[in-house]
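Okay, so here's the structure we're looking at.
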Amino acid sequence: MSITDDPRSHGLWGQSACPAPLTAPLSQDSTVDVAVVGAGYTGLSAALHLASAGRSVAVLESHAIGYGGSGRNVGLVNAALWNMPSEVFETLGPKYGARVLTLLGHGPELVFKIIERFGLDCEAEHTGTLHCAPDAAGMKALAERERQWQRLGAPVRLLDAQQTRRQTGTSLYLGALLDERAGTIQPLSYARGLARAAQDAGAAIYTRTAVTGAEKVGETWHVRTPGGTVRAKWVIVATNAYTAAPWTALREEVIALPYFNFATRPLSADQLSRVLPDRQGAWDTREVLTSFRLDQAGRLIVGSIGALKGVARKVHHDWSRRILAKLYPELAHVGFESEWYGTIGMTTDSVPRYHKFDDTVLSLSGYNGRGISTGTAFGRVLARRICGDLTDADMPLPVTPTASVPRRGLHEHMYAHGSVAVHAISDRL
């Protein structure tokens, strides 16, 4: 069942996820080494690695494990950032550019190692992903990505139209970039698996426990909730696009990008022999992109930018039906079983941010649609920073102050309503 009363919050993932570990609201005061705010990938990875290193940890989640983007995304375990490597170096410089590309280039490897080590039940498929080009401009961009990543030693290769048709089962793309580092998972199950592993390592996880305030008393932070106060030397703020008080500056520096998915009923064995036969997840190079992948039961999941609410829902639903038919004409009459949407936190340069609200209050956020491997890797980095394995000078990103996005509301309005306009008139990929 869904983890909220809204069937469009988590859709298929809420219906098919492994059971969540037992949690409850915080009901008394607690003293730990580290308070982690947010039970998504970053917070849960940090909790797992901190507890495994012998630190006492309390995770405070205002809703449920994986309530935010961690439980609603497409489930593509992609490597590195949205940007091309050259853009990352241009934005961050050679030192931090190399660090973040190395760390996040190995991000999927970390995810799949954690899945294997802790036996996480999350439909893991480590078969790569396909970035598809519907036109010549897309092919040119993918060829440049291939060139830049191969120079860095990454196992990526550009497929021609025939190879792409074989891998995707559709003839609508001119080519695709296959990234063998990547793969797919059931994203809510992965979040729940991280939580269970963190609990087994000794971390305490409190759900339905909203943080109402935080203040420093001497060397100790007092993180207040309705049911009690957590006292900790260190605080990790891991709330990203779903941030609320008291660290609202994190929400103000990201543009909220809505993203939806529709899932079909399970396809037949015959259909599955042609549709994504090697089970790679895929998306295309268009600005208002299309993503498509299979789940373990053989459902085809198609998605794009937009929110499933109000009149927009019908526009996005109708577009999804048309896109499904264009991708796979034989599936034109296959019905959708479920639908859901969530929010992606986009930074202005598509690069994440490392912030310190105090010497012992740390945050990494702004993942631009690459949250699975990025959140997992950054959670581990924050744990290593707190354990003393890293200093600020060793971090993959420089410490920067928060900065509100100018006209953020206008940007978010344009994303939400622009996607409706595109999908209303679009009869092509």
Side-chain angles (χ1 to χ4, degrees), residues 20-68 70 114 118 191-240 242-247 250 354-365 375-392 395:
L22 184 63
T23 60
L26 180 68
S27 59
Q28 61 185 10
D29 293 348
S30 175
T31 300
V32 294
D33 296 323
V34 187
V36 177
V37 183
Y41 302 135
T42 305
L44 294 170
S45 174
L48 170 59
H49 289 98
L50 284 164
S52 297
R55 303 305 193 271
S56 56
V57 185
V59 179
L60 307 174
E61 166 56 50
S62 59
H63 296 283
I65 293 164
Y67 170 82
S70 296
I114 288 173
F118 294 98
R192 289 177 173 179
L194 284 176
R196 183 174 290 104
Q199 284 182 329
D200 290 344
I205 300 176
Y206 302 100
T207 51
R208 290 171 287 144
T209 301
V211 172
T212 57
E215 61 183 355
K216 195 172 187 180
V217 180
E219 297 299 312
T220 302
W221 277 93
H222 290 213
V223 182
R224 298 189 302 275
T225 79
T229 295
V230 174
R231 300 179 180 88
K233 177 181 178 181
W234 293 89
V235 179
I236 292 175
V237 185
T239 46
N240 206 12
Y242 288 79
T243 298
W247 296 282
L250 290 177
Y354 174 39
H355 298 310
K356 297 180 69 175
F357 296 98
D358 175 83
D359 284 344
T360 57
V361 181
L362 313 179
S363 176
L364 278 160
S365 63
T376 302
F378 279 172
R380 181 173 181 266
V381 163
L382 289 170
R384 295 186 64 203
R385 172 69 184 85
I386 288 172
C387 290
D389 299 329
L390 300 173
T391 67
D392 282 336
M395 293 290 278

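The structure presented is a predicted model; accordingly, all values stated were derived computationally and were not measured.
Thr239 approaches Gly38 most closely through the heavy-atom pair CG2-CA, 4.3 Å. The two atoms that bring Ala46 and Ala383 nearest to each other are O-CB, 3.8 Å, heavy atoms only. For Arg192 against Pro21, the heavy-atom pair with the smallest separation is O-CD, 3.8 Å. Nearest approach of Ala51 to Ala198, heavy atoms of both residues: CB-O, 4.2 Å. Closest non-hydrogen pair, Val223 versus Ala35, comes out as CG2-CB, 4.3 Å. Nearest heavy atoms, Arg208 versus Pro25: NH2-CD, 3.6 Å.
Side-chain atoms of Thr209 come within 3.5 Å of backbone atoms of Leu26 as a donor-acceptor pair (strictly under, hydrogens ignored). Asp358 places a side-chain N or O within donor-acceptor distance of the main-chain N or O of Thr360, the cut-off being under 3.5 Å. Between the side chain of Ser45 and the main chain of Thr376, a donor-acceptor pair closer than 3.5 Å is present. Under a 3.5 Å cut-off, the side chain of Thr225 and the backbone N or O of Gly228 do form a donor-acceptor pair.
When side chains are defined from C-beta on, Arg385 counts as touching Asp392, because their heavy atoms get closer than 4.5 Å. In this structure the side chain of Pro226 reaches within 4.5 angstrom of the side chain of Thr212, judged on heavy atoms. The side-chain heavy atoms of Trp221 and Val230, taken from C-beta on, include no pair separated by under 4.5 Å. Using a 4.5 Å heavy-atom cutoff, the side chains of Arg384 and His49 are not in contact. By the 4.5 Å heavy-atom criterion applied to side chains, Glu61 and Thr23 are not counted as neighbours. Looking at Ser363 and Leu250, their side chains come closer than 4.5 Å, going by heavy atoms from C-beta outward.
Classification of the Trp247-Phe357 ring pair by plane angle, with boundaries at 30° and 60°, yields tilted.
Distance check, rounded to the nearest 0.5 Å: OG1 of Thr207 to OH of Tyr67 gives 13.5 Å. The line from CD1 of Ile65 to CG of Leu194 is 10.0 Å long, rounded to the nearest 0.5 Å. A distance of 9.0 Å separates CZ of Arg231 from OG of Ser30, quoted to the nearest 0.5 Å.
Arg224 meets the side-chain hydrogen bond (donor to acceptor under 3.5 Å, both in side chains) test with no other residue; sequence neighbours excluded.
Considering Leu382, Val37, Val57, Leu364 as possible partners of Ile236, the one that fulfils the side chain to side chain contact (heavy atoms under 4.5 Å, CB included) test is Leu382.
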For Leu50 and Trp234, what are the C-alpha separation, side-chain angles and deciding distance, and is it a side-chain contact (heavy atoms from CB on, under 4.5 Å)?
CA-CA 11 Å; Leu50 284 164; Trp234 293 89; over 6 Å; no
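Listed by first and then second residue, the side-chain hydrogen bond (donor to acceptor under 3.5 Å, both in side chains) pairs that reach into residues 32-43 are Asp33-Ser56, Tyr41-Asn73, Thr42-Tyr367, sequence neighbours excluded.
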